[in-house]
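Predicted, not measured: the structure shown is a model, and the values here were computed from it.
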Amino acid sequence: MSLIVQKYGGTSVADLERIRNVAKRIAKTYEQGHQVVVILSAMAGITDHLIDMARDVTESPDKRELDVLLATGEQTTSALLAMTLKSMKYPAQSLLGHQAEVLTDHSYGNARIIDIRAEKIKELLSDRQIVVVAGFQGCDPDGNITTLGRGGSDTSAVAIAAAVNADVCEIYTDVDGIYTADPNICDKARKLSVISYDEMLNMASLGAKVLQIRSVGFAKKYNIPVHVRSSFTEEEGTMVVNENSGMERLIVSSVTHDKNQARITLKKVPDQPGVAAKIFTPIAEEGIVVDMIIQNTRAGGKTDLTFTVPRVNYKSALKMQKKIAEEIGAEDVFGDENIAKVSVVGVGMRDHSGVASTMFTALAKENINIMMISTSEIRISCVIEEKYTELAVRVLHTAFGLDKE
Ligand code: ASP
Ligand code: MG
C-alpha cells in the first residue's frame, strides 16, 4: 500500500464529465488499496475569467480581496469532485487551503508556503477517506486567504506530498510528459521516461510549461518523486527524481529555447571599480532579472558590456541605461530584441568534456552566429538571432543524439 498524491490540472477538471473521469481514476487507485490525496486546480480558464471580472470592477483590485475571489475557482472543483466521489459511494472529503493547514507568508497573489501541518489530512487518511484539497491557496498567520502565483497548484501538490510523506506525487496534465525539445518545433523530440530535479530546474521555459518551477524546488528539497502524466491516457509519463536514484545520466537530455529575452550593450564603458554596480543596481531595484552578462577586455581603459533582460523589460531597461551611460561616461548604448537563447541541459555534463564544442560546431555548420555564451554545471546556453531558433533546436537535438528513430 502506498500513499499517493494526485494533482489534476485545469484541463483535466474542465467540466463535469471530465471531473467524473478523474473520479473514476481516483477510485481505481483507491480500490488498489492505496491512500489517496487529491489536489485540484480550477476549471481551465476560470482563474483568468475571475481576474478579468476583478479588473472590470477596478483597474487595480485590492490584493486581499482578489485572492479571496481567485480561491473560489479551486473551491468549486474540490467540492464538485468530492461530491462526485461520494455519489459513487466512495468516502471522500474536500478541504480548503486553510483547512488543510497550508500556512503561507503575507504576499497576496504570490505567497510562499511556510509550513503545512496537514493534521486533518492525516486524520482523514487513517479513516480510509479520499482527501480532496483545493490547490493554489493557503492562508497567512492572520487567517487571510492567500494564493501561490499562477500555476501554484503544482506547488500545493508537491508541498502537501512532502507534508504527508507521500511515496509519489502524480501531476496529471494535458501533456503526457517532459520532452527532449518542444515537439511543436522539433518533430523528432522524444518523451523522457526519467529526468532529474536539476535538469527540470535548468530547462526554463520547456519545464515551466509543464510544472510551476517552484514545485520542482520543493520536490528536490524533500526528495519527492514527481510523475508528470496525462489524465487522458493510461500511459506512463515522465518521472522527475533525484539524479542519484540510479537514473541513466544522459550527457544532454534536452534542448530548450527561450524567445523572451532581449540584449543591451553599453559601448566603451570606463574600466573602473564600481561601474558595473552603477549599471546593474538600478535594474535590480526595478526587479528586472538579468540572465547573462558579458564584459570584454579592451584597450585604453574602456570596455564593452552586454547583458540580457526579459523582453517585457527591454524598453524600460534601455531607457534606464541611456541615462546611466551619460552619468558614467560610456560612449553608446544599443540593444536588440530579435534574439533567442538556446540551451542544452544534462546532468551527464558534470563528468564529460566536449559538450560545448559539439554545440558550437553544430551551430557553425548551419552558419548560425553565436552572440553570447553562458554555462552552468549542467547547462550551456547560446544567444543567437531569433530567426534561427527552430533550426538551432533541431540541429542540436540531432547533434546530441536525441532524435527518435
Ligand atoms: N488556477 C490557478 C491558475 O490558473 C492555479 C493552477 O491552475 O495551478 O494559475
Ligand atoms: Mg498548471
Side-chain angles (χ1 to χ4, degrees), residues 6-23 37-85 92-114 116 131-160 171-175 205 208-215 218 231 260 287 312:
Q6 300 188 333
K7 181 257 166 176
Y8 292 90
T11 46
S12 306
V13 293
D15 54 44
L16 294 180
E17 196 194 319
R18 290 192 183 176
I19 289 178
R20 259 193 302 277
N21 283 333
V22 164
V37 180
V38 182
I39 318 296
L40 292 185
S41 283
M43 290 179 176
I46 288 296
T47 308
D48 288 329
H49 174 68
L50 293 169
I51 292 172
D52 288 346
M53 272 211 300
R55 295 230 171 99
D56 285 345
V57 175
T58 162
E59 220 169 89
S60 48
D62 179 84
K63 287 188 170 164
R64 181 188 183 278
E65 304 312 328
L66 186 60
D67 274 3
V68 175
L69 180 68
L70 295 191
T72 62
E74 275 72 11
Q75 176 162 355
T76 305
T77 47
S78 305
L80 288 170
L81 176 67
M83 217 179 264
T84 307
L85 283 164
Q93 191 173 313
S94 67
L95 294 177
L96 299 180
H98 71 274
Q99 295 171 316
E101 298 162 298
V102 179
L103 192 69
T104 72
D105 64 14
H106 303 282
S107 332
Y108 295 119
N110 197 24
R112 288 183 180 262
I113 297 174
I114 305 167
I116 300 180
V131 189
V132 181
V133 185
F136 180 53
Q137 54 177 272
C139 76
D140 71 8
D142 302 323
N144 298 299
I145 294 175
T146 54
T147 64
L148 309 180
R150 298 308 304 269
S153 53
D154 293 335
T155 299
S156 306
V158 177
I160 287 170
I171 305 271
Y172 287 90
T173 171
D174 49 3
V175 295
S205 57
K209 262 185 221 151
V210 185
L211 282 181
Q212 192 192 41
I213 280 306
R214 208 192 274 176
S215 72
F218 246 105
S231 61
N260 295 315
V312 286

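- Taking all atoms of both residues into account, the shortest heavy-atom contact from Ser153 to Gly135 is CB-CA, 3.9 Å.
- With sequence neighbours excluded, the residues satisfying side chain to side chain donor-acceptor pair (under 3.5 Å) with Gln212 are Thr155.
- Scored by the side chain to side chain donor-acceptor pair (under 3.5 Å) test, Arg150 finds Asp48 as partners (sequence neighbours excluded).
- Partners of Ser231 according to the side chain to side chain donor-acceptor pair (under 3.5 Å) rule, which considers only residues two or more places apart in sequence or in another chain, are Ser12.
- Between Val131 and Val38 the shortest side-chain heavy-atom distance does not fall below 4.5 Å.
- Atom CD1 of Ile171 and atom OH of Tyr8 lie 11.0 Å apart (nearest 0.5 Å).
- Here the CG atom belonging to Leu148 is positioned 10.0 Å from the CZ atom belonging to Arg112, to the nearest 0.5 angstrom.
- Of all the heavy atoms in Gly10 and Ser41, the pair that sits closest is N-CB, 3.5 Å.
- Partners of Asn110 by side chain to side chain contact (heavy atoms under 4.5 Å, CB included), not counting sequence neighbours, listed by chain and number: Arg214.
- A donor-acceptor pair under 3.5 Å is absent between the side-chain atoms of Ser215 and the main chain of Leu211, judged by distance alone.
- In plain terms, the two heavy atoms of Ser156 and Ile39 that are nearest each other are CB-CG2, 3.9 Å.
- With rounding to the nearest 0.5 angstrom, the CD1 atom of Ile51 is 11.5 Å from the CD1 atom of Ile46.
- Taking Lys209 as the reference, Asp182 meet the salt bridge (charged side-chain N to carboxylate O under 4.0 Å, His left out) condition, with sequence neighbours excluded.
- Heavy-atom minimum distance, Leu69 versus Ala54: CD2-CB, 3.9 Å.
- Evaluation of the side chain to side chain contact (heavy atoms under 4.5 Å, CB included) rule for Ala159 yields Ile113, Ile116, Phe218 as partners, not counting sequence neighbours.
- Residues in residues 67-82 take part in these side-chain hydrogen bond (donor to acceptor under 3.5 Å, both in side chains) pairs, two or more places apart or across chains: Asp67-Thr147.
- Inter-residue side-chain proximity for Leu81 and Val22 is flagged as met; some heavy-atom pair is nearer than 4.5 Å.
- Judged by distance alone, with hydrogens and angles left aside, the side-chain atoms of Glu65 form no donor-acceptor pair with the main-chain N or O of Asp62 at under 3.5 Å.
- Here the OG1-CZ distance, from Thr146 to Phe136, works out to 9.5 Å after rounding to the nearest 0.5 Å.
- Every residue was checked against the side chain to side chain contact (heavy atoms under 4.5 Å, CB included) condition with Ala79, not counting sequence neighbours, and none meets it.
- Side-chain contact check for Val132 versus Leu40: some heavy-atom pair is nearer than 4.5 Å.
- Not a single donor-acceptor pair under 3.5 Å links the side chain of Thr84 to the backbone N or O of Ala23.
- Counting only residues at least two apart or on different chains, the side-chain hydrogen bond (donor to acceptor under 3.5 Å, both in side chains) pairs with a member in residues 133-145 are Arg64-Asn144, His106-Asp140, Tyr108-Asn144, Asp140-Asn144.
- The backbone N or O of Thr11 lies less than 3.5 Å from a partner atom in the side chain of Arg18, making a donor-acceptor pair.
- Evaluation of the side chain to side chain donor-acceptor pair (under 3.5 Å) rule for Asp105 yields Ser107 as partners, not counting sequence neighbours.
- Between Lys7 atom NZ and Ile160 atom CD1 the span is 12.0 Å, to the nearest 0.5 Å.
- Judged as a side chain to side chain contact (heavy atoms under 4.5 Å, CB included), and not counting sequence neighbours, Glu59 has no contacts.
- In this structure the side chain of Leu70 reaches within 4.5 angstrom of the side chain of Leu66, judged on heavy atoms.
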